[in-house]
2 protein chains.
Amino acid sequence: MDNTAVLDIAMNAYWQADPVDISVNKICQLAGISKPSLYRTFGSEDGLKSAALDRYAAQVLSQISAILLQGANLRDTLDALIEFTSTDPRMTTGCLFYKMRSGKHRLGPKALAKVDQIDAVARAVYGSFLQARRDAGDWPGPVSVELGAKYLSEQIALAFTHRASGLDTSAVRQMLDLSLSIFQPVASKPQS
Amino acid sequence: MDNTAVLDIAMNAYWQADPVDISVNKICQLAGISKPSLYRTFGSEDGLKSAALDRYAAQVLSQISAILLQGANLRDTLDALIEFTSTDPRMTTGCLFYKMRSGKHRLGPKALAKVDQIDAVARAVYGSFLQARRDAGDWPGPVSVELGAKYLSEQIALAFTHRASGLDTSAVRQMLDLSLSIFQPVASKPQS
DNA sequence: CATATTTGGTACTGATCGGTAACAATGGTC
DNA sequence: GACCATTGTTACCGATCAGTACCAAATATG
């Protein structure tokens, strides 16, 4: 059994359910390997969670970065972000990063450091996106770039939480349209 | 040991930490009673959680209802709600109801029913508040009362989650000011 | 071929979980 | 005093947890 295959199975288990409900025993059973084998590869549950989170970030969060970096203007980019967040079929069980972050106190030092690292990267990505839009005169408002970045990040997190809780796609989209409408001074378009 | 005293201890334990991290053993230890004693009173962990949630709703969520019912106009009421949510010292560890709701899948049938019941009541309270404001011509926008109620409810939940995670009061207030600014149509229009 | 190292497994440790059987003390009722 | 229901206790149950000691096959290296 390949290490990355085991890691994928662990990542998906943590992702589909809740990390707090997935035990090391369960992952071994899912991956069809023994416990000492897993411990030899990842060292501890903390190491496994950290590695799964790392793989997740490389595989999923980079998509969000791509969306933010390629948009032509503020509105189109936000629309693409809303589209991805509310409808992407891979995210029907929410976002593993936000699941881990919401249960921070249960993580070991490695997974905790990984969460903080990803959090900082995400904040930086949102921040530089908003800064670029402000520099381009695309987002005038009185709101600071820092506050906007945190707000945007947390609204996306909320939307993923809603998706994980089973809220239907259109409701998630409506709520995101509302919450992100603060970025556009003009009225929002009705939902399609 | 009085039953309500035990219930208060359990409620505060669930409230201060996370319900998923508080075991029946821990509550017995905190309350200074034995396990069979607790089980005779509450039947099961499910019954205890349900009772604790019930007590919490009567004790805390009624405050939110009061804030919503006594406001003179939309803006003043929302400001009072933001003030309470972001600064009330009792809510520094978040809202027990939302903590329970976010771990729904771990609850037994009684606590689950209680969560759903409180959720419905909360939605109704937010809904009738917004409906009254719409009838009074205080909130014209194109947003439906139902969507507004859900949005409002979830933004408050997010704010409580942020408080529980240790985010400072002023940051929570700034985010709430932003997210609830969608309710005031008199917003500035810098540019179209 | 012989040796050493890695890779796999079985089967355990001690701890904690929710829940309960069995017993002791208490207190009201006649 | 005799009786009985309630309240509290200690000490256990089986299950599950994260983590590990130990063995067995395989594979690489000389």
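Predicted model only: the values in this text are computed from it and were never measured. Chain letters run A, B, ... following the sequence lines, proteins first and then strands; every chain starts at 1.
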Point-to-point distance, once rounded to the nearest 0.5 Å, from CD1 of A:I82 to CD1 of A:I67: 11.0 Å
Just checking A:S37: base, sugar-phosphate only, or nothing, at a heavy-atom cut-off of under 4.0 Å? sugar-phosphate
Would you say that A:R106 contacts B:V20 through its side chain, given a criterion of any heavy-atom pair below 4.5 Å between the two side chains? yes
Protein-nucleotide distance (B:F42, atom CZ; D:dT7, atom P), rounded to Å: 13 Å
Return the value, rounded to whole Å, for the distance between atom CD of A:Q29 and atom P of D:dA18. 13 Å
Candidate nucleotides D:dT7, D:dG19, D:dC22, ranked by approach to the side chain of B:R40 - the nearest: D:dT7
Separation of D:dG19 atom C1' from A:I33 atom CD1, nearest Å, is 14 Å
Please list, one pair per line, the donor and acceptor atoms closer than 3.5 Å that link side chains of residues 151-158 of chain B to other protein atoms, with sequence neighbours excluded.
residue: B:Y151; atom: OH; partner: B:S179; partner atom: O; Å: 2.8
residue: B:E154; atom: OE1; partner: A:H162; partner atom: NE2; Å: 3.0
residue: B:E154; atom: OE1; partner: B:R101; partner atom: NH2; Å: 2.9
residue: B:E154; atom: OE2; partner: B:R101; partner atom: NH1; Å: 3.1
residue: B:E154; atom: OE2; partner: B:R101; partner atom: NH2; Å: 3.4
residue: B:E154; atom: OE2; partner: B:K150; partner atom: NZ; Å: 3.3
residue: B:Q155; atom: OE1; partner: A:Q155; partner atom: NE2; Å: 3.0
residue: B:Q155; atom: OE1; partner: B:S179; partner atom: OG; Å: 3.4
residue: B:Q155; atom: NE2; partner: A:Q155; partner atom: OE1; Å: 2.9

Give every pair of a protein N or O atom and an N or O atom of nucleotides 11-17 of chain D that lie under 3.5 Å apart, one pair per line with the distance.
residue: D:dC17; atom: OP1; partner: A:S23; partner atom: OG; Å: 3.0
residue: D:dC17; atom: OP2; partner: A:N25; partner atom: ND2; Å: 3.2

Separation of B:Y39 atom OH from C:dG19 atom C1', in whole Å? 5 Å
Starting at atom CG of B:L38, determine the distance to atom C1' of D:dT10, rounded to an integer number of angstrom. 16 Å
Please answer whether the main-chain N or O of B:V125 pairs with a side-chain N or O of B:S128 as donor and acceptor at a distance below 3.5 Å. yes
Closer to the 5' end of DNA chain C via nearest nucleotide, is it A:T41 or B:I22? A:T41
Going by the side-chain hydrogen bond (donor to acceptor under 3.5 Å, both in side chains) test, which pairs reach into residues 24-37 of chain B, not counting sequence neighbours? B:N25-B:K35
Spatial distance of atom CG (A:L107) from atom NZ (A:K49) [nearest 0.5 Å]: 5.5 Å
